[in-house]
Amino acid sequence: MDETPCADEARRAFDFWIGSWEVRGPAGRLAGHNRITSLFDGCGLKEEWEGVSGHRGTSLNVYSASTGRWHQTWIDAEGELLLLDGGLVDGVMVLEGATGETRHRISWSLIDGDADRLRQHWETSEGGGEWKTAFDGRYSRIR
């Protein structure tokens, strides 16, 4: 039996998100803290978000070899559920999903190739209309 079933490159494509992060908006205002940990020897990721407003949530993230796509299940303290899937697009992790008539597209990318800084850009589209920014977080790794 393979001791590292999740060591392949596709399953490690989101590892750049692993860590403890301080998250700020584009103007520099603190939005919250996010902790991303590896699960089951790299087979998945767990996110633990706590916003400065007290909003809390968790996501589980996994790469599915059968579909060749990443999947995220987000739940929060208000009972909201968001299911997303997607993958790397030109080095940017892009996951999409819908809640009712609202489409969600969230992307994660390193800022200037720096492994200690990344951007999470969440966009929404109502009824197939134009994409609008819902959240634009700038992550700085906490050492």
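None of these values were measured; they are calculated from a predicted model.
If you chain together ILVMFWY residues whose side-chain heavy atoms come under 4.5 Å of each other, V89 ends up grouped with V92, V94. In the hydrophobic clustering (ILVMFWY side chains linked at under 4.5 Å, chained through shared members), L39 is joined by F40, L60.
In terms of the side-chain contact (heavy atoms from CB on, under 4.5 Å) criterion, residue partners of E126 (sequence neighbours excluded) are, by chain and number, T102. Here S140 pairs with nothing under the side-chain contact (heavy atoms from CB on, under 4.5 Å) rule; sequence neighbours left out. A search for side-chain contact (heavy atoms from CB on, under 4.5 Å) contacts involving A77 returns R56, not counting sequence neighbours. For D114, the side-chain contact (heavy atoms from CB on, under 4.5 Å) test picks out D116, R117, with sequence neighbours left out. In this structure, F135 has no ring-ring contact (aromatic ring centres under 6.0 Å, His included) partners at least two apart in sequence or on a different chain. Considering only residues two or more places apart in sequence or on other chains, E123 meets the salt bridge (Lys or Arg N to Asp or Glu O under 4.0 Å) condition with R105. Not a single salt bridge (Lys or Arg N to Asp or Glu O under 4.0 Å) links E50 to another residue, sequence neighbours left out.
The side-chain heavy atoms of W74 and L84, taken from C-beta on, include no pair separated by under 4.5 Å. Taking 4.5 Å as the limit, every side-chain heavy atom of E101 sits out of range of all side-chain heavy atoms of T99. In this structure, S109 and R119 have side chains that are in contact, with non-hydrogen atoms separated by less than 4.5 Å. Put simply, the side chain of E80 does not reach to within 4.5 Å of the side chain of I75, judged on heavy atoms. Using a 4.5 Å cut-off on side-chain heavy atoms (C-beta onward), L45 and D15 make contact. Inter-residue side-chain proximity for R138 and P26 is flagged as met; some heavy-atom pair is nearer than 4.5 Å. Side chains of D85 and W70 form no contact here, defined as non-hydrogen atoms less than 4.5 Å apart.
Residues H33 and W49 share a closest heavy-atom pair of O-CE3, 3.4 Å.
Residue pairs satisfying the ring pair (Phe, Tyr, Trp, His ring centres under 6.0 Å) criterion with at least one member in residues 75-128, sequence neighbours excluded, are listed as follows: F14-W108, W17-W108, H104-W122. Under the disulfide (SG to SG under 2.5 Å) criterion, no residue pair touches residues 62-143, with sequence neighbours excluded. Under the disulfide (SG to SG under 2.5 Å) criterion, the residue pairs touching residues 20-115 are C6-C43, with sequence neighbours excluded.
Of the possible donor and acceptor atoms, none in the side chain of S64 sits under 3.5 Å from a partner among the backbone N and O of G68.
Put simply, Y139 and V52 are part of two different groups of oily side chains (I, L, V, M, F, W, Y) that touch within less than 4.5 Å, one to the next. Linking ILVMFWY side-chain heavy atoms closer than 4.5 Å, directly or via other members, places V62 and F16 in two distinct hydrophobic clusters. I18 and I111 sit in two unconnected hydrophobic clusters of ILVMFWY residues. Membership requires side-chain heavy atoms under 4.5 Å apart, directly or through other members.
Salt bridge present: R24 and E22 bring a charged side-chain N and a carboxylate O closer than 4.0 Å. Checked for salt-bridge contact, E47 and R35 miss the test: no charged N lies under 4.0 Å from a carboxylate O.
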Margin query: What verdict does the side chain to side chain donor-acceptor pair (under 3.5 Å) test give for H55 and D76, after you've listed the backbone C-alpha separation in whole Å, the side-chain angles of each residue and the deciding distance to 0.1 Å?
Written below: CA-CA 8 Å; H55 182 252; D76 67 22; 3.1 Å; yes
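More than 12 non-hydrogen atoms from other residues, nucleotides or ligands lie less than 6.0 angstrom from CD of E78.
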